[in-house]
Amino acid sequence: MAIVMNAQSEATAKHEIQSGETLYSIARAYNITVARLQELNPGLQPDYIMAGQKINVPAGMAAPQTDILNRPKYKATHEVQKKETVYSISRQYGIAEEKLIEANPQLKKGKLKKGEVINIPYTDEEDAMYQQALKDKQEAEERARVKKYDAINVAVILPFSTSSENMTTEAQKMANLYQGFLLAVDSLKQRGCSVNVYAYDETNSVGSVLQKKEMKNMQLIIGPMRQYNLGTVAKFAHENGIVHVVPMANDLMLVNEHPTTFQVNTHSSIIYSLVYSRFIAMHKADNIIFVNTNDRGDNMPYIQGLKAALDAQGIKYRQADINEMSAVKDMLSTSLCNVVIPYSGTSAAFDNLCTKLNSLEIPENCTVQLFGYPEWQTLAAKHEANLNKYSCQFFTSFYSNPSSSRTQRFNSQFQRWFKQSQYNSFPRYGELGYDIGVYFIKGLREFGSDIYNNLHNYSYQSLEFPFLFEKKNSWSGYQNKSVLIVTRKPDGTMIVR
């Protein structure tokens, strides 16, 4: 170890950071504080160190402090000398007077006596280092308990309807989901991940599938789709510590008492509450106008909930009827963005609303934006001009962006592999299968059996389904709490956030 002199003419040596070391562990090894280590290395931060990096440490202080976790209750004892006070002793040892008194309750009663022996507690910095050492030890023990997998075994249980002569619409969607999942597996295998896939037809007995000897060795189960099979599979997954992913069912009670189950498609009531918060954050300063479309698709629970959320925040809004559009024109502002919210998300309601808005001859200095529903992503073929004209905005829990280069590459690969395009549906099931495959297999490979405790450390850029899983309560499984707001611009491009 070469010894050099720093700018303050203090002898220092070089320490090469090893894998797994932190500023705390290095400071402990040299019996100094983290602050002192940073003084010797200006700009050194805990989050920006890496293996192989060389840093300054005090020369001649390389004796590791390996017994920090076995330290005695007090740092030392001190025999009181003549004229010493609580203040002077506290200053001598670099501790607060309150801390010295806490370690020696008798000092509250009177003056120090010469020859009295008192306890000297650790400094705040030493206590912080001790707590960090405890945390490091606990994390190391936790890592030792985590199972890591050499290969990820996956069971896919979907209604493939293999016994049917004709392929139903549902079977085509399930085939697409599985095909997208296989593309995800191929992508991960190219990055060194070993995956074994077992596919089972849900239209046969799910009970007999779960009895197969290989099932208890799975790390991941995807499916089933049938509501009446979900509880059986969720219970089996929980009992055997298997991550269980439900692709489409949105039952509000699905994850109750099933702590290893992940619900991709969350119930609409949860989605609505998330949308209300997003809407208020984006439009609280705008001129908000609700329009009763008198349509069969009127979504009154959503509309009533949004109004209640606006009321709770003291945000004003106006209301009109589709048959009295002249009233809407009178409500429009030339100084604020006018956000018009129809009660219904159907194609007929959208067409009717836009037709009547177009007939109002709205002034050019008046900005009108429509805010709508997930169904609006199906309207592009028939209503693209109005979608763009009114910068239409809608909420959704999934969105396949056709202009995205990643989506285009996926579609090209899907076509090459399977000699067909994805089935034209919303959602795109091939992309759903890909998102599920990459997210969960990658997570299991990286975190092993501790994937549940690392969801907050894990991010994935989805093709279609963004994932933000949260536990419903301490004994439940996980619900996807991710919501997208998609905005079409006048030039036809989309903003997704």
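Computed from a predicted model, the values in this text were never measured in an experiment.
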Is the number of heavy atoms from other residues, nucleotides or ligands within 6.0 Å of CD (Glu257) greater than 12?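 No, CD of Glu257 has 12 or fewer neighbouring heavy atoms, counting only those of other groups under 6.0 Å.
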
Is it the case that atom CE in Met248 sees more than 12 heavy atoms from other parts of the structure closer than 6.0 Å?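 Yes - once you tally the heavy atoms of other residues, nucleotides and ligands closer than 6.0 Å, there are more than 12.
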
Using the salt bridge (Lys or Arg N to Asp or Glu O under 4.0 Å) rule, take Asp127 and Lys99 through it: C-alpha gap first, then chi angles, then the decisive distance, then the call. CA-CA 12 Å; Asp127 280 340; Lys99 200 165 190 177; 2.7 Å; yes

Among [options], whose ring-ring contact (aromatic ring centres under 6.0 Å, His included) with [X] holds?
{"X": "Phe465", "options": "Phe398, Phe440, Phe426, Tyr399", "value": "Phe398"}
{"X": "Tyr302", "options": "Phe290, Phe395, Phe371", "value": "Phe395"}
{"X": "Phe469", "options": "Tyr458, Tyr460, Tyr452, Tyr439", "value": "Tyr439"}

Do the side chains of Tyr478 and Thr260 get nearer than 4.5 Å, heavy atoms only?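 No, their side chains stay 4.5 Å or more apart.
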
Does Gln263 use its side chain to pair, donor to acceptor, with the backbone of Leu254 at less than 3.5 Å?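 No; judged by distance alone, with no hydrogens or angles, the pair does not exist.
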
Can you tell me if Asp295 uses its side chain to pair, donor with acceptor, with the backbone of Gly297 under 3.5 Å?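 Yes; at least one donor-acceptor contact below 3.5 Å.
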
Carboxylate-amine/guanidinium contact Arg488 Glu384, below 4.0 Å: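 Answer for the salt bridge query: yes.
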
Salt-bridge contact Glu446-Arg191 (side-chain N to carboxylate O under 4.0 Å):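 Answer for the salt bridge query: no.
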
Locate the shortest heavy-atom distance separating Leu177 from Pro247; write the atom from each residue and the value.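 Taking Leu177 first and Pro247 second, the nearest heavy atoms are CD1-CB, 4.2 Å.
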
Just checking, is any N or O donor in the side chain of His238 or Thr261 under 3.5 Å from an acceptor N or O on the other one?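 Side chains of His238 and Thr261: no pair found under 3.5 Å.
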
Distance-only donor-acceptor hits, side chain of residues 192-200, under 3.5 Å, sequence neighbours excluded:
{"residue": "Asn196", "atom": "ND2", "partner": "Asn153", "partner atom": "OD1", "Å": "2.9"}
{"residue": "Tyr200", "atom": "OH", "partner": "Glu214", "partner atom": "OE2", "Å": "2.5"}

Only one of Thr203, Leu230, Val156 clears side chain to side chain contact (heavy atoms under 4.5 Å, CB included) with Pro224; which?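 Of the listed options, the one satisfying the test is Leu230.
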
Sole candidate of Glu464, Gln422, Gln377, Glu431 that passes side-chain hydrogen bond (donor to acceptor under 3.5 Å, both in side chains) when paired with Ser400: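 Passing option: Glu431.
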
